[in-house]
Amino acid sequence: MGLHPLARGRAATQKELLEFVAHYHCLLDLINLVTCLYRLAKMSKEASRGRGGYLAELQRHPTFQLLLRSISSKFLQAHLNYLHTGNEGLKGVDGRCLANLTWALAKLDLSSDDSALTTELALTVAPFVIRSLDSSSPQGLANMLWSYAKLPVAPPAVVMALVSKITDQLVQHSQRPDGSPAFDAQALSNSIWALAHLKSRGMDVDAQRNPQIMRFMNELAAAAARALSRPHATLQPPGTNGEPRLAEAQRYLALVEREFSCQALVNIAWSFATLLGGACCQQPAIHQLFLLIHNESLTRLRCTALALSSGQSLPYIGGGGFNEQALSNAVYAFDKSGLLSSELLSAVFEVSALRLQRGGASHHHDLATFKPQELCTLLKACHANIAPPWAFLGSLLQLLGNHPQMADSWTAAERLELHRACQLFLVHQAELSASGQQQGGVAVSAAMGLANSLANSVNVAGLQANGRASMTGSNLGGMGCSSGPPSGNLFGGQGRMPGSGPPSGSYGGLMGTLAGAGGVHITGNSPRNSQTSGVMGAALGGSGDPLISTFGHPRTPTGCLTLDKATGGGYPKGRIVEIFGPESSGKTTLAMHAIAEVQKQGGIACFIDAEHAFDAVYATRLGININDLMVCQPDHGEMAFNVMDELVRSGVVNIIVVDSVSALVPRAEVEGDIGTPQIGLQARLMSLALRKVTANAAKSGCTILFINQLRFKVGVLFGNPETTSGGNALKFYSSMRLDIRARDKITETGKVEPVGNRVKVKVVKNKVSSPYEVAEFDIMYGEGINSVGCVYDVAKEMGVIEARGSHIYFEGVKLAQGRDNVLAHLRDNPDTAARLTTAVQAKLAEGAAQQASSGGSGSVEDDDVEGFADELRDDDAMAQELQDLELDLDA
């Protein structure tokens, strides 16, 4: 039967079409049912209430469910007929019909509640799709591959069959009879985008291991290069004709948009970069395509800039110029492939600034249609030092300053990226001020206001000795980017764009400064930090230079050589570490030394001071740069873990210290009355938080170091009654647990008062190296760990120095007699101390390599505290206990 006018005519509304299906679905054949579904899918683009509202209403309609089930049942019946008779019995159901059906299912984008119907229908249609490949047009093949990539289920057999057929079509039918390419730009874009999307969903489409996919990509790259070069046979870029430049640019954009749209141009580059990354340069056809796309993008960006600067309107889609999404994808694609040039990035920044200015000057700021993800991609590129981003940053900050509500929906990671951009812009303005050049007053004010609000929004408190937030030249100097990362280092991961760390220098102090009270004042010179982004990238990316890395796991140095040796190289990156022990045993000192070591490597550290007892003076003595340290003093445990999770997921913080677990008071306990029983509340909080934070820390490579206190179990008659607070969750989630105890007091000759403690640390749990190792070292009051003493102890243990009686020799030269005299000699002779340290490090690295080559030690876990405290009791205490025990027995 013929199709009813309502289903065929443009005047049919959703209501009329659904009523028609409800009355006549039993009489409609499969082609008419598919056409109705196709028309409903196309209406989603034109829905006045928005696509989301349209789809939500459509999914709830019973007639729509009936339509899906009718189509599925007819295809299932046809498949059964094919299995029995070899004939499907479907008239007119060809490749075009199936392409329309799969496209409609992909466009309707059913929610998870209704995805079962879509999955059922997609699987039912799959055999028909494979059998119809010979009758499908090139555009239909590309649309079906795109649709299956968007559907909830993508059968690998269907995907590979489509890939193989498209490859054959690309080889056999490169052109139509009229000379136009068989696959237009949109079909090429849809085909390669589908593979990139399937890879992001976890499907194995690795071209390096699958020759069929590599052949498909090379043939598609060659076809895209032919299609891209076709418009230039009859069209010259602007500047070669006698027309006015504006008219010439508009004519050029209009003509090339019809042949090869900017959206398809950039999507092809983005997809290849997502699939191959830096390997794009290793394939000649793909490399040649990237060079063509680079040159064409540069020309179109300049034309777009010329049209925007003259006040011309370029729509978001189909306007002939680079829109916001294309700008973001172009930066990502060329950086991922390692081909991002200064010319291209400069042009992207120029067009982005012009689009932002048009949005801000229109009095309708929603016309600035940049999405937060797109802006974050450009903001990351600002730190690469490839092209000056100041016009783009100034326009963005001025627009957000005038309309701050635009950033309300941004995620914490996006806000952190915006905060970094504010700091970078303020650094540049400070340098202009120092050199006597004019500053952008409005943008500077907006950057300051945004920096303050953003810092407060992530609950990061600045630690300022004078109580005033001031940004001096020395603080700003850490934000320089004199030698940014090479192309390909802006964005990490496979097909995603996580934060990859701050620019060269450090911005933690600026964040802390802006989070404090008072205004912001820029004064003084701000020379650029000579530290390169490569060093920062090594520190953030887990490829730093820790002393030892026994099992290949990246480590963070502890600041104590003896403890580095005992732990197998330091604290593991991306893991949780617990330090526990009695009061005044050196727990906080040990954690602060880890922060100092991270800062020496150029990393970012955060100190969550739950006890509200952070000593800035003592931290400075231990080598911590207070201006570069983020300090948070939460009101309750939930706030502490929220701050921790936001910082960990941002991907820019290397170590977070929590002091201490016992002070992480749950909110219900803080808001309740004193004495109200809260059984197991803190233990439940720790369990809930740790199972969320652990995975995020592993992905970002951030070390989380918990300081914990000891408590005593009630009613324990035998064994050690000591336990740690916060329940058992931390014991299980920790990859390393350190039990620290003060053994002896250190005194100097002629003095009664002790000057330090001799400390013993036992590694009671170690998932990344051998457990039960013991380290002893000195902690001097007001100075921290005696690093020279640590070097001496390890050197003596490993035979680097020679003891002849009480006399110590190094490299055949006598140092001194006795340990104290040797330490004094090393402090007075830094060159000798440096040579001794180098020799010890070489010896430790050699031992680690031998252990790794021999298979290493297995990981052993021990979650018990018992047994270690007994070893640390002195003779007097033991004698007193024995005497008390004897008295009890006598009684």
Side-chain angles (χ1 to χ4, degrees), residues 193 196-197 200 262-263 265-275 277-278 280 290 293-294 297 301 304 316 321-342 344-356 359 368-393 395-397 399-400 406-407 409-422 424-425 454 481 484-503 533 537 649-652:
W193 180 91
H197 187 66
S200 67
C262 287
Q263 200 72 14
L265 183 76
V266 175
N267 280 347
I268 290 175
W270 180 91
S271 302
F272 274 112
T274 301
L275 288 166
C280 290
F290 264 85
I293 294 177
H294 177 277
S297 299
L301 283 167
T304 304
Y316 185 78
F322 267 68
N323 59 32
E324 289 79 352
Q325 185 181 17
L327 293 168
S328 169
N329 288 346
V331 173
Y332 173 76
F334 282 97
D335 176 78
K336 189 79 172 177
S337 61
L339 298 172
L340 183 61
S341 67
S342 58
L344 182 66
L345 189 57
S346 297
V348 168
F349 282 147
E350 182 182 5
V351 173
S352 302
L354 289 170
R355 285 198 173 273
L356 288 171
T369 52
F370 275 105
K371 297 178 181 178
Q373 301 92 330
E374 297 164 355
L375 284 174
C376 284
T377 302
L378 299 177
L379 291 177
K380 287 184 177 72
C382 293
H383 300 281
N385 198 32
I386 298 176
W390 314 123
F392 162 68
L393 284 179
S395 300
L396 173 63
L397 296 177
L399 181 62
L400 290 176
M406 294 176 64
S409 60
W410 288 32
T411 65
E414 292 163 352
R415 287 170 174 267
L416 189 58
E417 197 63 49
L418 179 59
H419 191 277
R420 291 178 55 208
C422 292
L424 185 65
F425 185 76
L454 290 171
C481 47
S487 281
N489 289 343
L490 293 179
F491 313 108
Q494 296 292 333
R496 61 187 179 91
M497 292 170 279
S500 57
S533 293
R649 288 192 291 112
S650 69
V652 299

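Note that these values count all heavy atoms, side chains included, but never hydrogens, waters or copies made by symmetry. In what follows, residues are counted from 1 in the order of the sequence shown.
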Heavy-atom side-chain proximity of Leu418 to Leu397 below 4.5 angstrom: yes
Do Leu416 and Trp410 have side chains that approach each other closer than 4.5 Å (heavy atoms only, starting at C-beta)? no
Over 60° means perpendicular and under 30° means parallel, so classify the ring planes of Phe290 and Phe334, tilted if in between. perpendicular
Decide yes or no for His383 and Leu424: does some side-chain heavy atom of the first lie under 4.5 Å from some side-chain heavy atom of the second? yes
Interatomic distance, CG@Leu275 vs SG@Cys280, rounded to 0.5 Å, equals 8.0 Å
Stepwise side chain to side chain contact (heavy atoms under 4.5 Å, CB included) test for Leu379 and Phe392: CA-CA 9 Å; Leu379 291 177; Phe392 162 68; 4.0 Å; yes
Provide the closest heavy-atom pair for Ala330 versus Val266 in the form atom of the first, atom of the second, distance. N-CG1, 3.4 Å
Within the 4.5 Å heavy-atom criterion, are Thr274 and Trp193 side-chain neighbours or not? no
Output for pair (Glu417 CD, Cys422 SG), nearest 0.5 Å, gives 11.0 Å
To the closest 0.5 Å, what do you measure between CG (Asn329) and NZ (Lys336)? 13.5 Å
Considering the options Glu374, Gln263, Gln373, which one meets the side chain to side chain donor-acceptor pair (under 3.5 Å) requirement together with Gln325? Gln263
Check the pair Glu350 / Leu301 against side chain to side chain contact (heavy atoms under 4.5 Å, CB included), numbers first and verdict last. CA-CA 9 Å; Glu350 182 182 5; Leu301 283 167; over 6 Å; no
Specify the closest pair of heavy atoms between Leu327 and Leu378, including all atoms of both residues, with the distance to one decimal. O-CD2, 4.1 Å
Separation of Leu344 CG from Ile293 CD1 (nearest 0.5 Å): 11.0 Å
Quick one, Cys382 and Phe349 - any side-chain contact, counting heavy atoms below 4.5 Å? yes
Heavy atoms only: give me the nearest Ala273-Ser337 pair and the separation to one decimal. CB-N, 4.4 Å
Begin with the C-alpha distance, continue with both residues' side-chain angles, and end with the deciding distance and a verdict on side chain to side chain contact (heavy atoms under 4.5 Å, CB included) for Glu324 and Lys371. CA-CA 8 Å; Glu324 289 79 352; Lys371 297 178 181 178; over 6 Å; no
Give, for atom OG of Ser650 and atom NE2 of His419, the distance between the pair rounded to the nearest 0.5 Å. 12.0 Å
If every non-hydrogen atom of Phe425 is compared with every non-hydrogen atom of Trp390, which pair is closest and at what distance? CE1-O, 3.9 Å
With rounding to the nearest 0.5 Å, note down the distance linking OG1 in Thr304 to CZ in Arg355. 7.0 Å
Do Thr411 and Pro372 come close enough that some side-chain heavy atom pair is under 4.5 Å? no
